[in-house]
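Encoded as structure tokens, the structure appears first; notes follow it.
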Amino acid sequence: MQETGNNPTKISVQIGLNGFSYTTDNCARSSWLSAEFVFNTDVFQKRYDKIELSCFTPKFCLVPSAYFSEEKARELLAESVSLEEGDEVGWRELESAGAVEIYSLPKSRLTHIISGLMDKEGCEMEILPELHYLLRDAYQVEQYNKIAASYTDGRLYLVIYQGKNLVLCSSYQAPDFTTAQYYIFLAIRKLQMNIEASAIYFRTPLQAEEELSLYNYFKAVKSL
């Protein structure tokens, strides 16, 4: 994809098991690209002030700040997801929800390659879960019903706010996009939201047929 406008100073890269996509602050946006293109992607050769690397992991939970302690982070995450012995656990404050994100990032070869290509002197790089960025970006949406999702590698990641209140943050196994839509509709129905008056925001690139399918139900389909 050709970049437009001024040279970008910030880039966000989503990294899956076997592919990736990127968005820069000058509105350059890629489709979902296969891992084989990683060394031929020009944007990875440039220097940025800020680099956000997003890894898809279902090993994620939110804990009220009052109940969190660093010593119990692994125990708290293990109450929500299945951890393996070698899983490393991280955490980060989510001030907007009065909670702490606890997560375990996958040991991804593709993440290692991309971070190595982009790590240049003076840049600031963060490697965090996709749900962290979904929570952050959805919170900034102006509409009252804020519905944000990502979908890749057979899993849907879904965040919903009503006003400034976080009402859902989860991920679901979904081997195809039809199943992903089912979980979206199920969540909206349980929360008694008016789907026809709502927009849905996706951080991952959508294929044309996926976007058209969503337009059958939502007022608008937008990118985050």
Q.
Does any part of the side chain of I127, heavy atoms only, come nearer than 4.5 Å to the side chain of C55, both counted from C-beta?
A. yes

**Q.** Heavy-atom side-chain proximity of L168 to K190 below 4.5 angstrom
**A.** no

(Q) Please check: side-chain N/O of K120 versus main-chain N/O of R47, any donor-acceptor pairing under 3.5 Å? (A) no

Q) Quick one: does E210's side chain have a donor or acceptor within less than 3.5 Å of a partner on Q207's backbone? A) yes

Q: Please check if Y201 and L158 belong to a single hydrophobic cluster, counting links between Ile, Leu, Val, Met, Phe, Trp and Tyr side chain heavy atoms closer than 4.5 Å.
A: no

**Q.** Heavy-atom side-chain contact between K46 and I11 under 4.5 Å
**A.** no

Q: Anything under 30° is parallel, anything over 60° is perpendicular, the rest tilted; go ahead and classify F202 against F177.
A: tilted

Q. Are L134 and L156 linked, directly or through other ILVMFWY residues, by side chains that come within less than 4.5 angstrom of each other?
A. no

Q: Looking only at non-hydrogen atoms, find the nearest pair between C123 and D119 and report the distance.
A: SG-OD1, 3.8 Å

Q. Do the side chains of I102 and F56 join up, straight or via other hydrophobic residues, at under 4.5 Å, putting them in one cluster?
A. no

Q | Heavy-atom closest contact (Q14 atom, S150 atom, distance) | A | NE2-OG, 4.0 Å

Q | Minimum heavy-atom distance L224-A138, with the two atoms named | A | CD1-N, 4.3 Å

**Q.** Closest non-hydrogen atom pair, Q162 against L191
**A.** NE2-O, 4.0 Å

Q) Does R136 come within less than 4.0 Å of E52, counting only side-chain N to carboxylate O? A) yes

Q. Counting N and O atoms only, with roles assigned by atom type, does the side chain of Y48 sit under 3.5 Å from a partner on the main chain of V43, one being a donor and the other an acceptor?
A. yes

Q. How about Y22 and S30: do any of their side-chain heavy atoms sit closer than 4.5 Å?
A. yes

(Q) Looking at E126 and R92, is any side-chain nitrogen of the basic one under 4.0 Å from a carboxylate oxygen of the acidic one? (A) yes

Q) With a 4.5 Å limit on heavy-atom distance, are the side chains of Y103 and L128 in contact? A) yes

Q) Side chains of S65 and F68: does their closest heavy-atom pair fall under 4.5 Å? A) no

**Q.** Side-chain heavy atoms of I113 within contact of F20, under 4.5 Å
**A.** no

Q) Any donor-acceptor pair under 3.5 Å linking the side chain of R155 with the backbone of T57? A) no

Q. Taking all atoms of both residues into account, what is the closest heavy-atom pair of Y133 and R203, and its distance?
A. CB-CZ, 3.4 Å

Q. Linking I/L/V/M/F/W/Y whenever any side-chain heavy atoms sit under 4.5 Å apart, do L77 and F60 land together?
A. no

(Q) Which heavy atom of D153 sits nearest to which heavy atom of G16, and what is that distance? (A) OD2-CA, 3.4 Å

Q) Does some side-chain heavy atom of I184 sit less than 4.5 Å from a side-chain heavy atom of Y217? A) no

